[in-house]
Number of protein chains: 2
Amino acid sequence: VKRRTGSAERIRRVELVVVGTEMLALGARDTNSDFLKPDLLELGYEPGLISIVPDEQERIVEVVRAALRRASLVVVGGGLGPTGDDRTRQALARVFGAGLRRDPRAWERVARWYRARGRFPGSGARLQALVPIGAESLDNPIGSASGIWWARGDRRVVALPGVPSELKAMWKEAVRPRLEAGGGSVPVASFSLGGLPEADVDARLAELYRRPDVEMTILAKTEHIEVHLRGKRASPAARRAVDRAAALVRRRLGRRIFAEGERTLEQAIGERLRERGETLAVAESCTGGLVGARITTVPGSSDYFVGGVTAYSNAVKRKVLGVPETILRRQGAVSAPCARALANEVCRRLGSDWGLSVTGVAGPGGGAPGKPVGTVFIGLARRGRRVSARALRLVGDRDSVRRRAAAAALLWLHRALGAGPGARRRK
Amino acid sequence: VKRRTGSAERIRRVELVVVGTEMLALGARDTNSDFLKPDLLELGYEPGLISIVPDEQERIVEVVRAALRRASLVVVGGGLGPTGDDRTRQALARVFGAGLRRDPRAWERVARWYRARGRFPGSGARLQALVPIGAESLDNPIGSASGIWWARGDRRVVALPGVPSELKAMWKEAVRPRLEAGGGSVPVASFSLGGLPEADVDARLAELYRRPDVEMTILAKTEHIEVHLRGKRASPAARRAVDRAAALVRRRLGRRIFAEGERTLEQAIGERLRERGETLAVAESCTGGLVGARITTVPGSSDYFVGGVTAYSNAVKRKVLGVPETILRRQGAVSAPCARALANEVCRRLGSDWGLSVTGVAGPGGGAPGKPVGTVFIGLARRGRRVSARALRLVGDRDSVRRRAAAAALLWLHRALGAGPGARRRK
């Protein structure tokens, strides 16, 4: 992932402290930060440091203390559970120079939670109702562990359980509203697009780097490119500045943009198919099912996705989809005629309005003269109308080639479906 | 991800410092730590803290200084490139209390790298050949930025470029050998398994928590469970202790284990199919292509995977796979008879030895009385022999239900393929 950012005025800093030995000693990953980052940015906080620390009181104390010296907000995730491994409450009490008290309302809720599950609220339950003196307890609508909110002058510390569903629920219900009350959101806008090299996107939008009131970042992901705009303060003027910049992005990138805000390409495709009352079938070779898997991540996709055929072997291409033997022999399975036949036949045989196909060499083996690894053909058929194919040369390892091939096919379908009434408006 | 770990003796600590504003301000993720962690553990270093810091000299200095107070090894990734944003060299020089010098060998290599690309080695190139006085330069076999190696007493600092391919190559060629020379690897063993609740795995292996010379961690992932064993020093006695513990894991978990070491379930299935000279086809409904996508992540999977049908709509189940109308009407698409018909027909029509099917309600909508969200049937057919189905009740959101359904189907296939000569030995 590459990145370029226009020079930023300093805004409020937040630091994240992620507690859990499993994210250090073993394969567990910190996903809570990925959830928190965009929300914090929107609230006008810039993440200045993320620390992943073990379940050790000494280390938590040291890292939170250092964070509080630098940042106006410190978000701690994890270490609030019922066992001896959970040390965040004690650590924060030490950072605040205070003892721990049992919060009556938290205790009532935790005890009720245990009893509702037929369990006696013992020492583990009591632990989860403790908060440092001078801090507030935050309700947990899903689990047992209560959270912690602490404010002193312009400094805030919030601690939430590490279980992602609990952290998310408590963030949305209890923390975000408090932070909003204390500041107001910074205006943002974002765009996802494909089919242009990153350097071209960069060149087309270069003037936005020089706008004093908007920060732009361009992110190149494996499958697509994202453009993020952010105002530098929470004001109507900043909102207008971001709106002007967003209008320029739309003018310069036009139909390359497949979604605004947090929508995915498969969501955008689903909306267009639904609006048009049409259906889709896919025929995949080198992607092995990835295109169908992406389409069906969207709840309710059965309204427009009828299914697909993964024709990995030539025998299946021939037998199940009726790709002519002559194509497979002369042009080969990785060819424009084969991509057209796959798209056309899957559309016809599965009875859909659209047929989308992918066939290629994902590697690392299987390359041939004139068809090196990364050679991919995608096909698109509209029933009873036309069928066409495109050649791609993709770079990267097997996984990247497969993901990029699936993304290219979906992008093509999206453009063929046209920009409809819902394609631009929604955020 | 949950986790339990036996009490550990203190071993050498390492801290990771990941440099890059893009991982704080936007969606970029730190993948270098995921690569480094297992290798560091094997070398006997326990990650004690991971810090993700912005491209700011002051912050890098502060975080590396704090890390050096606590850890015997500090690995810095990123901030070594040719632009003004890259501040790691200057920051480390400040930490070491030294100036920067141009390393002649590094300069020669960087200049050659630029000239080979038809570019003049200017100020950016010169920057990439700088090392703090008292430190060594590390060659970059792929890119231009050279790395940094610094040792003082029992403390080591290594800095590598943040580009994952460069970091990996330099780690393997230059850093790992140096660290091995200074210590030797700690023995490890790991196992992946499915089909048992985490609590049962925990109970069956509980005595390993009490072994003084082995550390065990059990990790529950969305799709499977992992058991990791690690010795506490680099010695033949520790190797024997880990081997004894591994033997106990194999005895207690038996055929639930689908792979040892870093092998995946789809690799294990591929090896068994290859050994047996047999082929596979899949019929998917709610997983939409996920099972095929997983199978085909393995290079060369076309040797044993012929393809599949994603029968998302009932019309496709009927037309393409010939599922009898009566089954769809009476028992429904989410039923054992339908799963059996899907597996049997995909196997017959695509001409494979095995047929594997998944049909279920992934949610959030689509649940019905007696068939709530999470109800999934998997079917397995062996051509000309038998066909059977199993019912599952899976928990989680749409994404988790789909992933768990795909994993359950693959696990069943793996067990049906039997433990062969290659199933246990390989690491």
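This one's a predicted model, so the numbers in the text were calculated from it and none came from an experiment.
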With a 4.5 angstrom heavy-atom cut-off, is it the side chain or the backbone of [X] that approaches chain A, or both, or neither?
| X | answer |
| --- | --- |
| B/Val306 | both |
| B/Glu284 | neither |
| B/Val298 | backbone |
| B/Ala311 | backbone |
| B/Arg349 | backbone |
| B/Thr287 | backbone |

- request: Output the option from B/Ser301, B/Pro164, B/Ala406 having the highest count of non-hydrogen pairs under 4.5 Å with chain A.
  value: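 Highest number of pairs under 4.5 Å: B/Ser301.
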Top of B/Ser313, B/Ser352, B/Ala283 for chain A proximity - count of heavy-atom pairs under 4.5 angstrom: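 Option with the greatest count: B/Ser313.
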message: What part of A/Pro299 gets within 4.5 angstrom of chain B, counting heavy atoms only: side chain, backbone, both, or neither?
response: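 For A/Pro299, heavy atoms of backbone and side chain both lie under 4.5 Å from chain B.
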- prompt: Which bit of A/Val320 is near chain B, if near means a heavy-atom gap under 4.5 Å: side chain, backbone, both or neither?
  reply: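 The side chain, not the backbone.
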Do the side chains of [Y] and [X] get nearer than 4.5 Å, heavy atoms only?
| X | Y | result |
| --- | --- | --- |
| B/Ile295 | A/Tyr312 | no |
| A/Ile50 | B/Leu24 | yes |
| A/Met23 | B/Ser33 | no |
| B/Leu49 | A/Val63 | yes |
| B/Thr297 | A/Asp399 | no |

query: How many angstroms lie between atom CD of B/Glu58 and atom CZ of A/Arg70, to the nearest 0.5 angstrom?
result: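 Here the rounded value is 10.5 Å.
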field: Modelled atom types, side-chain donor and acceptor of B/Arg402 and A/Thr296, under 3.5 Å
entry: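 On atom types as modelled, these side chains qualify, holding a pair under 3.5 Å.
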Selection from [options] maximising heavy-atom pairs under 4.5 Å formed with chain B:
| options | value |
| --- | --- |
| A/Gly308, A/Gly292, A/Gly307 | A/Gly308 |
| A/Glu62, A/Arg398, A/Lys319, A/Arg59 | A/Arg398 |
| A/Asn314, A/Val309, A/Val53, A/Leu350 | A/Leu350 |

message: By the definition side-chain hydrogen bond (donor to acceptor under 3.5 Å, both in side chains), identify the one residue from A/Asp30, A/Asp34, A/Thr31 that meets it with B/Arg29.
response: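 Of A/Asp30, A/Asp34, A/Thr31, side-chain hydrogen bond (donor to acceptor under 3.5 Å, both in side chains) with B/Arg29 is met by A/Asp34 alone.
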message: Walk me through whether A/Glu56 and B/Arg13 qualify under salt bridge (charged side-chain N to carboxylate O under 4.0 Å, His left out).
response: CA-CA 14 Å; A/Glu56 292 170 16; B/Arg13 282 279 181 133; 2.5 Å; yes
